[in-house]
Structures are given as C-alpha cells and as structure tokens.
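Reading through the structure tokens given below for one structure.
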Amino acid sequence: MIKITFPDGSNREYAAGVTPLQVAESISPRLAQDVLAASINGEEWDLSRPVNADSSIKLFKWDDAEAKHAFWHSSAHLMAEALQELYPHIKFGIGPAIENGFYYDVDSGDQPLRDSDFANIEKKMLELAAQKQEIVRQEISKADALKLFGDRNEIYKTELISELEDGTITTYTQGSFTDLCRGPHLPNTSPIKAVKLMALAGAYWRGDEKRKQLTRIYGITFPKKKMLDEYLALLEEAKKRDHRKIGKELELFAFSEAVGKGLPLWLPKGTALRSRLEEFLKRIQKRFGYQQIMTPHIGLKGLWETSGHWAKYGKDSFQPILTPEEDEVFLMKPMNCPFHCEIYKTAPRSYKDLPLRYAEFGTVYRYEQSGELHGLTRVRGFTQDDAHIFCRPDQLKEEFLKVMDIIFIIFNALDFKNFEAQISLRDPNNKEKYIGSDEVWEKSERAIVEACQEKGLNARVELGEAAFYGPKLDFMVKDAIGRRWQLGTIQVDYNLPERFELEYNGSDNQKHRPVMIHRAPFGSMERFVAVLIEHTGGKFPLWLTPDQAVILPISEKFNDYAQQVANELAQQDIRAIVDDRNEKIGRKIRDNELKRIPYLLIVGEKEAENGEVSVRKQGEGDKGSVKVADFAAEISSEVERQITSW
RNA sequence: GCCGUUGUAGCUCAGUGGUAGAGCACUUCCUUGGUAAGGAAGAGGUCACGAGUUCAAAUCUCGUCAACGGCUCCA
C-alpha cells in the first residue's frame with residue numbers, strides 16, 4: 001500500500017500502481033469525469049500513469065492551467081494523427097500546447113497545406129476523438145527511439161532525439177500515431193469534443209531563419225461545443241477593440257500608401273491625445289529633475305559608427321543620405337543616444353553636476369522588416385519618449401529606482417494593471433553579439449536585478465534579450481487579443497560612455513566615466529497609444545480624451561445657444577464640440593455615444609431659457625439638467641482629481 | 001524578409017466568364033424634434049496595380065503593391 005496526500009493535507013491509502021484517475025474515481029464519479037490532468041509531487045503526471053510510492057497529488061480540472069495544457073497537448077497529437085491519416089507523407093516537427101490552444105509544425109513536402117483543408121482535418125480529428133483512443137505512455141531507449149522514428153523517415157524527430165539523454169526518452173501513442181513526447185496527456189481522446197483550426201503560418205525549424213520553414217497549424221479544442229462558441233465570440237469582441245479599427249473610427253491616425261508603409265499620419269484628434277500624453281510625462285519628468293532637449297532628425301554617419309549601431313544594424317537600415325558635397329554622409333536617426341552624448345560633451349562636467357537627465361520626444365526611423373509592421377505597434381517612424389541619465393556609478397541604483405517610479409506612476413495613472421516585467425540579460429553562450437567587457441556586463445546586470453529586488457518587483461529573467469550594449473528591464477503589456485508588447489524600458493549602459501569618451505571630474509580631481517541609463521516609460525508614443533486604445537476600447541480618461549463633451553441642440557433653433565455653451569466651456573479649458581446637424585436628438589445621441597464622447601449635453605428651449613445643459617454621461621444615460629457653470633466646475637474638478645492622483 | 005490569407009464606393013460587405021450592387025456615411029430638399037438610427041431625391045467605383053488567356057475578365061493565370069494572421073527580427 002502507498003499513501004497519497006491531497007492538497008488539503010488529508011491522505012488515503014491505495015495499492016501501489018494506482019493511477020491518478022483511479023484516485024479521482026475513489027473520491028467521486030463526478031470528479032473522475034471532470035479531471036483532466038494531475039501532478040505527483042509537483043511533477044506533471046498522466047492520469048493513467050501508475051504511482052508506486054507515497055506521494056502528494058493534485059488533480060486538475062478544466063479551469064486549471066495544467067488541465068488545459070494537457071488537453072491541448074493531446075489535441076496537438078490528435079491533429080497530428082489526423083494529418084498522418086490524410087497526408088501519409090507528412091513529417092512532424094514539434095507540436096506543443098500554447099496559451100490558447102496548440103500548434104503543430106509539419107513538413108508537408110511539395111503538397112502545401114491550405115486553410116481550405118481545415119474542414120477536412122477538423123472532421124477527421126473529431127472522428128478519431130470519438131473512437132476514444134487510449135493515449136499510451138512508453139519509456140524507450142535512445143537507440144530504439146532513433147530506429148523507430150528513423151524508419152519512418154521523421155528527420156525532425158530524430159534530430160531532437162539525438163540531442164536527448166538516453167533513459168529520459170518517452171513516447172506517447174494513440175491509434176496509429178506515435179510521438180516523441182514528455183507529456184503529460186489525457187488518458188484517451190474522448191474528452192475532445194469541439195475542434196477549430198485557427199490559422200496556417202510559416203515557422204522556421206527550431207526558430208532558425210536559416211533552416212527550413214515548416215508549416216505551422218494553429219488550433220484550439222474544447223471539452224464542450226458551447227465553450228468553443230463562447231471562445232470565438234470572445235475573440236470577435238476583442239477584435240472590436242483593435243486599435244487599428246478604433247483609430248480609424250475615432251479619426252486618431254491613418255496610413256497612406258503614398259507616404260509609405262509603417263509611417264503613421266497623426267490626425268488632429270490623435271495629435272491632441274498624443275500631445276496631452278507628452279505634457280503629462282513632461283510634468284512628471286520635471287518633478288524628477290529632467291531637462292527637455294531637442295536634437296535633429298539626421299546626423300553624420302560617424303555618430304553611429306562610434307556607437308556601434310552602424311556596424312550592427314547599418315545594412316538593414318534606411319540607407320545613408322548623401323549631399324552635393326562628396327564624402328558627406330548623413331543617417332536618419334534610429335535612436336537619440338549619440339546626440340545626447342554630444343550634449344553631455346558640450347561642457348566639462350563635475351561630479352557635482354551629476355546626474356544629468358536629458359529628455360526628448362525624439363522621432364526615430366528604423367527599417368523594420370515589412371512583415372513585422374503592425375498598426376501603430378510596430379512602425380518605421382516613431383517617437384520615443386526618450387531620456388538619458390548620466391550619473392556616477394554610485395548613483396546608478398538610485399537613478400534606476402527613480403525611473404521605475406516614473407514607470408509605475410504612468411502605468412498607474414492609465415490603469416495598466418496587468419503588466420509584466422522582464423529582465424533582459426545577455427546570452428552567456430553567445431557573447432560575441434554584445435559589446436563591452438564581461439566585468440561591465442556583470443556590473444550592469446547586477447544593478448538591474450538588485451533594483452528589482454529592492455522594489456519587490458517580480459520580474460521574469462530572459463537570457464539573450466538584452467540590447468547589444470547593455471541589459472535592460474522591460475515592461476510588457478498585452479493587447480486586446482493577448483499579444484505582448486514591450487512598452488516601458490530601462491537600460492543600463494557602461495559602453496556608450498566609453499565609446500563617446502564621456503567624462504567628469506571627480507572629487508579626487510581625476511577624470512571618471514559616467515554611467516548612462518537609457519529609458520522610455522511609454523516606449524514609443526505610437527505603441528503606447530495603440531495599447532491604450534485597446535485597453536480602453538477608445539473610452540479614454542476624461543483628462544486625455546480628444547473631445548470631452550458634445551453639445552446637442554434639440555433643433556436648429558438652438559444652435560446659437562449651443563455655440564454659446566461651447567464658448568463658455570472653452571473658457572474653462574473644457575474641450576467641447578457642437579453637433580449642429582439637421583437631425584433628431586435620438587440620432588445625435590446615438591452617433592455621439594458611438595464616438596465615445598464622455599459627456600453629451602442636450603440643449604433645447606428649457607435649457608436656453610435657464611442657462612442650463614441637460615447632461616447625459618457616456619454609457620450611463622440621462623443625468624438631469626444643471627447650470628452651464630456648474631457643469632464646467634464639475635468637469636474641471638473631475639479632471640483635476642484625475643491629474644492630481646499622478 | 002519568409003509561410004498563409006485578403007484586396008469591389010469614405011465604411012461594412014454582396015456579386016463563379018456576358019452592361020458594377022446593397023446598407024451606412026456624403027450632398028440637396030422636406031421635416032424643427034426632448035434622450036441610441038425621421039423622410040425623399042442625388043452624387044459617388046480604371047472592381048489595388050500591370051501583363052496574359054478569352055469573342056468577352058471584378059470573376060481564370062502570372063507578376064507587383066498593400067493589408068491581415070504567424071515565423072524570424074526588434075538599437
């Protein structure tokens with residue numbers, strides 16, 4: 001007998017070799033029906049895999065991430081089985097579960113897959129699932145695995161196996177399909193009741209651009225048809241928050257093929273919103289001792305030869321600008337740092353001058369690969385809310401912490417609650433990608449890790465994600481459909497001060513090198529606005545929104561009064577427009593609600609007589625009539641409340 | 001850049017080889033109204049662009065451009 005301990009601390013005795021599924025059955029038939037995955041002593045474990053020693057167990061149902069993971073992983077295998085039956089010559093790469101569903105990378109040879117094949121594949125999957133095929137785990141020696149997959153000419157699988165350690169290799173088999181896999185999986189295919197293949201994409205084998213591109217098939221499955229319908233409906237809803245759609249509807253920004261792809265045009269309302277964000281940040285930065293500067297959009301190529309950017313990115317960038325002068329070569333600036341270094345060098349600096357904090361809304365141009373462009377989140381011309389802090393080494397941590405404070409203020413003011421922090425370090429196995437000595441890198445990386453610890457910030461560490469000149473702390477926020485975008489970034493840099501030969505006189509009257517912090521709390525105005533749109537669905541906070549109120553005259557007879565109200569509000573710095581179209585009031589309300597204007601002010605005979613407006617709040621309906629001055633005061637104080645909370 | 005999908009009026013979309021369509025938006029007229037779509041008329045398109053097949057191409061083929069979903073990249 002063995003002892004199985006449950007999460008609540010209780011335990012029961014079972015015969016050795018009991019499976020988690022049998023444990024579930026012993027508790028209740030209902031649980032046995034709902035359970036999809038398990039863990040034994042914290043290790044993911046198949047429901048049908050025997051347990052032979054005293055253990056603690058956890059049983060997972062659909063709502064647990066572990067259960068979904070097993071479910072979708074088994075679904076990936078199910079799809080592979082269907083593909084194998086439909087396309088016998090297909091070769092398999094990898095097929096994991098992901099955040100929403102799963103994918104499988106396959107090589108279909110010279111017979112390309114089309115999304116018109118999806119219906120067939122889905123049908124086959126459901127057919128196989130309904131056969132309630134058992135999914136069987138098997139431990140296998142490396143030699144046997146190589147033979148098994150080698151005989152079937154699974155070149156991708158054999159490549160993976162050749163890198164595995166003998167004795168750790170397992171396969172899972174259902175029906176006629178066997179896959180190299182660690183698991184865990186469902187005991188059989190029958191819980192998979194609803195299947196939807198979502199997309200086809202090319203994906204390089206092992207993520208390497210130089211290797212063959214396989215076909216990646218994305219899919220999702222559910223234990224109930226209704227759950228699939230709900231998921232698809234949710235996706236449809238999310239698409240309504242797409243910043244590209246709302247940006248067009250609300251006339252915030254546009255693109256023109258005549259201008260060139262990835263080069264956004266900011267329309268009047270979008271510009272108003274963006275300017276307000278810039279003012280907001282300037283105000284906070286002023287509080288933190290920053291000084292605004294401005295630098296040109298182009299500079300001599302030598303600047304970026306010095307910084308190292310030309311060597312690293314030059315051939316993949318917008319190409320140099322020539323002039324009538326021979327040998328005079330300019331670059332569009334892809335970043336602002338060299339200019340800021342040059343500003344630092346305009347005067348001899350004392351240790352007493354530091355830290356110097358130079359801030360600039362700097363518009364930069366980067367030749368992003370065409371396939372990378374995406375609305376406002378990935379563009380070729382964008383404005384960084386950039387700043388560079390030049391400080392003494394002993395000031396580094398404090399300065400870093402203060403930048404974190406700015407980022408938290410901003411995320412808090414704009415209600416970005418679900419951000420993720422990522423410490424991006426260099427890849428220790430690939431050091432030639434980076435400039436600077438090991439010592440400098442270690443110092444920089446330590447500074448970031450310690451700063452996060454000090455703030456109690458739970459940051460994920462990613463190797464190989466650093467900039468080539470230094471490690472960074474990035475803040476990521478998800479868009480409407482769950483894609484992660486990097487917004488704020490803070491980077492520690494000992495290298496550029498070296499390359500630009502920056503120095504200051506220390507208290508010892510010797511020359512010293514300052515340390516540089518690059519930082520951009522928004523990241524870029526473009527991307528930030530994009531993510532803000534998706535988070536708010538276009539319903540911006542009152543202080544930020546382009547039009548705070550719209551005045552709706554009941555009939556054209558009251559257009560003059562409406563204009564008078566607009567003027568009065570304008571004098572109180574309230575942004576109001578007048579809808580003087582020849583339309584009925586119901587129509588004006590509808591149209592302006594859809595434009596997401598926070599306050600609709602209806603004016604007719606009564607209001608004109610009394611100097612009032614009838615207030616209707618976006619999404620909340622009629623709020624009754626008030627004097628124009630009272631409304632203005634209320635709006636002003638609401639804005640004031642929002643702003644002072646920064 | 002690579003794989004896949006898409007491109008018809010300002011917007012959303014019908015239109016499978018035989019004279020370019022609808023709704024909304026727009027213009028004009030009627031209507032002058034009280035809290036989410038009043039009525040009528042009108043205007044608007046080189047069917048992304050370029051070649052080809054055909055008596056005939058929005059429709060079939062090829063190429064280019066752009067957008068969309070991914071991959072790779074992201075100073």
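Reminder, nothing fancy here: chain letters follow the sequence lines and each chain counts from 1.
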Looking for any heavy atom pair under 4.0 Å, which part of the strands does G207(A) touch: base, sugar-phosphate only, or nothing? sugar-phosphate
Quick one: are the ring centres of W266(A) and F382(A) less than 6.0 Å apart? no
Which one of L552(A), I602(A), D630(A), L601(A) satisfies the side chain to side chain contact (heavy atoms under 4.5 Å, CB included) criterion with V613(A)? L601(A)
Salt bridge or not between R357(A) and E399(A)? Use side-chain N to carboxylate O under 4.0 Å. yes
How far apart are the C-alpha atoms of K606(A) and S614(A), what are their side-chain angles, what is the distance that settles it, and do they pass the side-chain hydrogen bond (donor to acceptor under 3.5 Å, both in side chains) test? CA-CA 9 Å; K606(A) 278 184 296 189; S614(A) 171; over 6 Å; no
Answer yes or no: side-chain N or O of R378(A) and base N or O of rC73(B) forming a donor-acceptor pair under 3.5 Å. yes
Within residues 245-262 of chain A, find the residues that approach RNA chain B with a heavy atom at under 4.0 Å, and present them sorted by residue number. E257(A), K261(A)
Strictly below 4.0 Å, N to O, side chains only: are K345(A) and E501(A) in salt-bridge contact? no
For rA37(B), does OP1 or OP2 lie under 4.0 Å from any side-chain N or O of K588(A)? no
Starting from C1' on rG34(B), measure out to CD1 on I589(A) and report it in whole angstrom. 8 Å
Give the ring-plane orientation class for H340(A) versus Y358(A), where under 30° counts as parallel, over 60° as perpendicular and anything between as tilted. perpendicular
Could you tell me the separation between the CG atom of D591(A) and the C1' atom of rC11(B), rounded to a whole number of Å? 14 Å
Which part of the nucleic acid, if any, lies within reach of E465(A) when heavy atoms closer than 4.0 Å are counted: base, sugar-phosphate only, or nothing? nothing
Between rU35(B), rG70(B), rA75(B), which nucleotide has the shortest distance from any of its atoms to the side chain of I602(A)? rU35(B)
With P as the reference atom in both, quote the distance from rC49(B) to rG42(B) in angstrom, rounded to an integer. 28 Å
Expressed as a whole number of angstroms, how long is the span from K315(A):NZ to rA75(B):P? 14 Å
When you check the phosphate oxygens OP1 and OP2 of rC3(B), does a side-chain N or O of R114(A) lie under 4.0 Å from one of them? no
Which nucleotide sits closest to the side chain of R483(A): rG69(B), rA36(B), rG33(B)? rG69(B)
Mind calculating the distance between CG (D115(A)) and C1' (rU5(B)) to the nearest angstrom? 6 Å
For N592(A), answer base if it contacts any base atom (sugar-phosphate contacts may also be present), sugar-phosphate if it contacts only those atoms, and nothing otherwise; contact means non-hydrogen atoms under 4.0 Å. nothing
Within the 4.0 Å heavy-atom criterion, would you say G619(A) contacts the bases, only the backbone, or no part of the nucleic acid? nothing
Using whole Å, report how far NZ of K472(A) lies from C1' of rA75(B). 8 Å
Pairing partner of rU59(B) (Watson-Crick or G-U wobble, both distances under 3.5 Å): none
Would you call the rings of H374(A) and W485(A) parallel, tilted or perpendicular, taking 30° and 60° as the class edges? tilted
Given RNA chain B, 5'-ward residue of the pair I481(A) and P553(A), judged by closest heavy atom: P553(A)
Verify the contact: side-chain N or O of K212(A) to OP1 or OP2 of rC3(B), cut-off strictly under 4.0 Å; return yes or no. no
Minimum-distance nucleotide (side-chain atoms of E583(A) versus rC3(B), rA75(B), rG38(B)): rG38(B)
What nucleic acid atoms does R616(A) come within less than 4.0 Å of, heavy atoms only: base, sugar-phosphate, or nothing? base
Heavy-atom closest contact (P112(A) atom, D117(A) atom, distance): O-OD2, 4.3 Å
N582(A) CG to rA40(B) C1', straight-line distance once rounded to whole Å: 13 Å
Within the structure shown, what part of the strands sits under 4.0 Å from Q213(A) by heavy-atom distance: base, sugar-phosphate, or nothing? base
Within the structure shown, what part of the strands sits under 4.0 Å from G371(A) by heavy-atom distance: base, sugar-phosphate, or nothing? base
In the structure shown, which nucleotide is the Watson-Crick or G-U wobble counterpart of rC26(B), with both distances under 3.5 Å? rG42(B)
What integer distance in Å separates D479(A):CG from rC68(B):P? 13 Å
When you measure from the side chain of A199(A), which nucleotide among rA75(B), rG69(B), rG1(B) comes out closest? rG69(B)
Which of these nucleotides, rG34(B), rA37(B), rG4(B), is closest to any side-chain atom of I554(A)? rG34(B)
Any-strand Watson-Crick or G-U partner of rC47(B), both distances under 3.5 Å: none
With a 3.5 Å limit on both atom pairs, tell me what rA20(B) is paired to, counting Watson-Crick and G-U wobble, or say none. none
One thing to verify: whether E99(A) and K478(A) come together as a salt bridge, which I'm taking to mean a side-chain N less than 4.0 angstrom from a carboxylate O. yes
Report the base-pairing partner of rC71(B) (Watson-Crick or G-U wobble, both distances below 3.5 angstrom), or none. rG1(B)
Taking the six-membered ring for Trp and the single ring otherwise, decide whether the centroids of F528(A) and F416(A) are under 6.0 Å apart. yes
C1' spacing across the pair rU12(B) / rA51(B), given as an integer number of angstrom: 32 Å
Is the aromatic ring of Y313(A) within stacking range of rA75(B), meaning centres under 5.5 angstrom and planes under 30 degrees? yes
According to a strict under-4.0 Å criterion, is R366(A) in side-chain N/O contact with OP1 or OP2 of rC73(B)? no
Report the nucleotide, chosen from rG38(B), rU5(B), rG1(B), that has the shortest atom-to-atom distance to any side-chain atom of Q369(A). rG1(B)
Once you apply a heavy-atom cut-off of 4.0 Å, does Y218(A) come out as touching a base, just sugar-phosphate, or nothing? sugar-phosphate
Identified pairing partner of rA66(B), criterion: Watson-Crick or G-U wobble below 3.5 Å: rU6(B)
Between rU35(B), rC71(B), rG69(B), spot the one nearest the side chain of H374(A), thanks. rG69(B)
Which nucleotide, rA37(B), rA75(B), rG33(B), lies nearest any side-chain atom of R590(A)? rA37(B)
Please determine if a side-chain N or O atom of R244(A) lies less than 4.0 Å away from the OP1 or OP2 oxygen of rC68(B). yes
Taking only N and O in the side chain of Y204(A), is any of them less than 4.0 Å away from OP1 or OP2 of rC71(B)? no
A203(A) near the nucleic acid: base, sugar-phosphate alone, or nothing, with a heavy-atom cut-off under 4.0 Å? sugar-phosphate
At 4.0 Å (heavy atoms only), tell me whether S614(A) reaches a base, stays on the sugar-phosphate, or touches nothing. base
Rounded to whole Å, how long is the line connecting atom CG of L552(A) with atom P of rG34(B)? 14 Å
If you check every side-chain atom of E556(A), which of rC73(B), rU32(B), rG34(B) has the closest atom? rU32(B)
Is the Y469(A)-H518(A) ring centre distance short of 6.0 angstrom? yes
What is the base-pairing partner of rA36(B), counting Watson-Crick and G-U wobble geometry with both distances under 3.5 Å? none
Is it the case that rG34(B) (base atoms only) and E607(A) (side chain only) share a donor and an acceptor within less than 3.5 Å, ignoring hydrogens and angles? yes
Among rU35(B), rU32(B), rG4(B), the one nearest L200(A) by side-chain distance: rG4(B)
If the cut-off is 4.0 Å, is T215(A) near the phosphate of rC3(B), judged by side-chain N/O to OP1 or OP2? no
NZ/NE/NH1/NH2 to OD/OE distance under 4.0 Å, D547(A) and K595(A): no
